[in-house]
Chemist: 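I have a structure I would like to understand better, so I am pasting it below and will then ask my questions one at a time.
Heavy atoms only: backbone and side chains are in, while hydrogens, waters and symmetry mates are out. Letters A, B, ... are given to chains in the order of the sequence lines, protein chains preceding strands, and every chain is numbered from 1. On a predicted model such as this, the values are computed, not experimentally measured, just so you know.
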Number of protein chains: 2
Amino acid sequence: MPRKVDPRQRRTLIADALMRVAADRGLEAVSLRHVAAEAGVSAGMVQHYFTTKDEMMAFALSVVRDRGRARVEAAVAALGPDPRPRLLLRTLLAALLPLDEAARADGRVALAFLSWTALHPAAAPGLRPDTAQLVEFIAGLLPRPPASDAAAGLLALVEGLGVYLLGGQYTPAQATAVLDHQLDLLFA
Amino acid sequence: MPRKVDPRQRRTLIADALMRVAADRGLEAVSLRHVAAEAGVSAGMVQHYFTTKDEMMAFALSVVRDRGRARVEAAVAALGPDPRPRLLLRTLLAALLPLDEAARADGRVALAFLSWTALHPAAAPGLRPDTAQLVEFIAGLLPRPPASDAAAGLLALVEGLGVYLLGGQYTPAQATAVLDHQLDLLFA
DNA sequence: TTCTTTGCAATGCAGTCGTATTGCAAACGG
DNA sequence: CCGTTTGCAATACGACTGCATTGCAAAGAA
């Protein structure tokens, strides 16, 4: 076989460009040509690696998910081994919040994809990590009465904080204060 | 002046059609011609009442806000005079959740507009009712230590529940249970 | 009736979209 | 060296977009 290139690398290169376009011009500005231009490649090459636009979108969606997961894992790993449950929980949840500009950019894209999945149900179970599983894990970190309602509420609160952070209604300081206040409530 | 028609009525007629298109085909399917077809009018008439598409979008955005507000006001009015604070709060917050199909449709549109406003900052302060004011009102309904963090958290929790309801991650029963659980926590 | 103004319909235009098609150069297997 | 296969570029096409323009019918004002 001629020409050795890593197709996965090319695809992520293109998906990264897609996310840059989506982050500052919106999902509606995501077209083959715009993405190609942003990636600095020809439109033909984009078509070569993604035969259809929906395929490209689906791949970019998985990249969004992976980035979020990586952010959380990095934050948790930085805690060292055997952190106290509350600290682990706070770190995990804070890593889900769009607190710096990079996370904000990813958050905008994730938010756009959130409406996108509503119209492409086939790709829907791929944006957020399995929510039920995450709720269960959070419930395991909470003290005594492991009411799964409390865990589900905590996750929803973080999601809502993310939305308001992206919308500019809450400041990062407010959002983290709210999160800590809720943890105070749950660990009281 | 010839031809008496109520322009406001025409505009809301068109905006309603826009919301129907957006609700089940997404904001990206919102075009002058599609909206006109959905409204059962000519494309020329849409142009007559909205000289530009952005103007139509901005108007539809205000309709989304008004519908949400109406939903809340209706629910609160049904309580009768002088309801207990907790009941008032629960009613108000539950009215923000997309629990039935009509509210879900509006919620999908609102979610789409949420990403839309990120790219049209001029129209941004018009989707959600003034959040700071709402937080303050909620704080006033909470018992003793009126920590505004608790109110802001409650509102974020409801927003997150809405997102997860629309995404199908939480069921309506789960969402209301979570809300009640949080109110238990705050009113303990 | 005549005139003027408004409400709307129809058409045209330049641009962008996603996708199919074609062509060619570079790299390996033989 | 040769043929084949792969990686990519370029172009073409029909559908669609938002918007400008034009034309006309209906309804008061005169």
Chemist: Could I get the full list of side-chain contact (heavy atoms from CB on, under 4.5 Å) partners for Ala17(B), not counting sequence neighbours?
Modeler: Arg20(B), Val35(B), Glu38(B), Ala39(B)

Chemist: Using whole Å, what does the distance between atom P of nucleotide dG18(D) and atom CE of Met57(B) come to?
Modeler: 9 Å

Chemist: To the nearest 10°, give me the bend of the helix from dT1(C)-dA30(D) to dG30(C)-dC1(D), comparing the axes of its five terminal pairs at either end.
Modeler: 10°

Chemist: So which heavy atom on Leu32(A) is nearest to which on Gln47(A), and how close?
Modeler: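 That closest heavy-atom pairing would be CD1-CG, 3.9 Å.
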
Chemist: Closest approach to the side chain of Tyr49(B), judged atom by atom: which nucleotide of dC8(D), dC8(C), dG18(C) is it?
Modeler: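 Selected nucleotide: dC8(C).
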
Chemist: Using a cut-off of less than 4.0 Å, is there contact between a side-chain N or O of Arg10(B) and OP1 or OP2 of dG7(C)?
Modeler: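 For dG7(C), neither OP1 nor OP2 has a side-chain N or O of Arg10(B) closer than 4.0 Å.
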
Chemist: Take atom CG of Leu32(B) and atom P of dG18(D), then tell me their distance rounded to the nearest Å.
Modeler: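 Result: 4 Å.
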
Chemist: Give the minimum heavy-atom separation between Phe113(A) and Leu61(A), together with the two atoms involved.
Modeler: CD2-CD1, 3.4 Å

Chemist: Would a 4.5 Å heavy-atom cut-off, applied to side chains only, mark Tyr170(B) and Val135(A) as touching?
Modeler: yes

Chemist: When you look at Met57(B) and Leu27(B), which way does the side chain to side chain contact (heavy atoms under 4.5 Å, CB included) test go after all the steps?
Modeler: CA-CA 10 Å; Met57(B) 298 292 271; Leu27(B) 262 197; 3.8 Å; yes

Chemist: What's the closest nucleotide to the side chain of Met45(A) if the choices are dG7(C), dC8(D), dG18(D)?
Modeler: dC8(D)

Chemist: Polar atom pairs between nucleotides 14-16 of chain C and protein, under 3.5 Å, N or O only, would you list them?
Modeler:
none

Chemist: dA10(D), dC8(D), dC19(D): which one has an atom nearest the side-chain heavy atoms of Gln47(A)?
Modeler: dA10(D)

Chemist: Nearest whole Å is fine: how far is dT19(C) P from Lys53(A) NZ?
Modeler: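 Whole-Å distance recorded here is 8 Å.
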
Chemist: Mind checking whether Asp149(B) and Asp180(A) have side chains closer than 4.5 Å, heavy atoms only?
Modeler: no

Chemist: Considering every strand and a 4.0 Å limit on heavy-atom distances, what is the contact class for Val30(A): base, sugar-phosphate, or nothing?
Modeler: sugar-phosphate

Chemist: What is the separation between atom CG on Leu27(B) and atom P on dT17(D), rounded to the nearest whole Å?
Modeler: 14 Å

Chemist: Please report the distance, rounded to the nearest Å, between CZ in Phe50(A) and C1' in dC8(D).
Modeler: 15 Å

Chemist: Just to be sure I understand the rule, does Val46(A) reach a base, reach only the sugar-phosphate, or reach nothing, if contact means heavy atoms closer than 4.0 Å?
Modeler: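 Val46(A): no heavy atom of the nucleic acid under 4.0 Å.
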
Chemist: Quick check for you: among dT19(C), dC8(C), dC8(D), whose closest atom lies nearest to any side-chain atom of Ser42(A)?
Modeler: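 Between dT19(C), dC8(C), dC8(D), the one nearest the side chain of Ser42(A) would be dC8(D).
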
Chemist: Rounded to whole angstrom units, what separation is found between the CD atom of Glu28(B) and the P atom of dC17(C)?
Modeler: 13 Å

Chemist: Are the side chains of Pro98(A) and Asp106(A) in contact, using a 4.5 Å heavy-atom criterion?
Modeler: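 No, every pair of side-chain atoms sits at 4.5 Å or beyond.
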
Chemist: In whole Å, I'd like the distance from the NE2 atom of His48(A) to the P atom of dT19(C).
Modeler: 16 Å

Chemist: Name the residue from Arg10(B), Arg67(B), Arg11(B) that meets the salt bridge (Lys or Arg N to Asp or Glu O under 4.0 Å) definition with Asp16(B).
Modeler: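 Going through Arg10(B), Arg67(B), Arg11(B) one by one, the salt bridge (Lys or Arg N to Asp or Glu O under 4.0 Å) with Asp16(B) is satisfied by Arg67(B) alone.
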
Chemist: Under 4.5 Å between any side-chain heavy atoms of Leu157(B) and Val178(B), yes or no?
Modeler: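 With C-beta onward as the side chain, the pair touches.
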
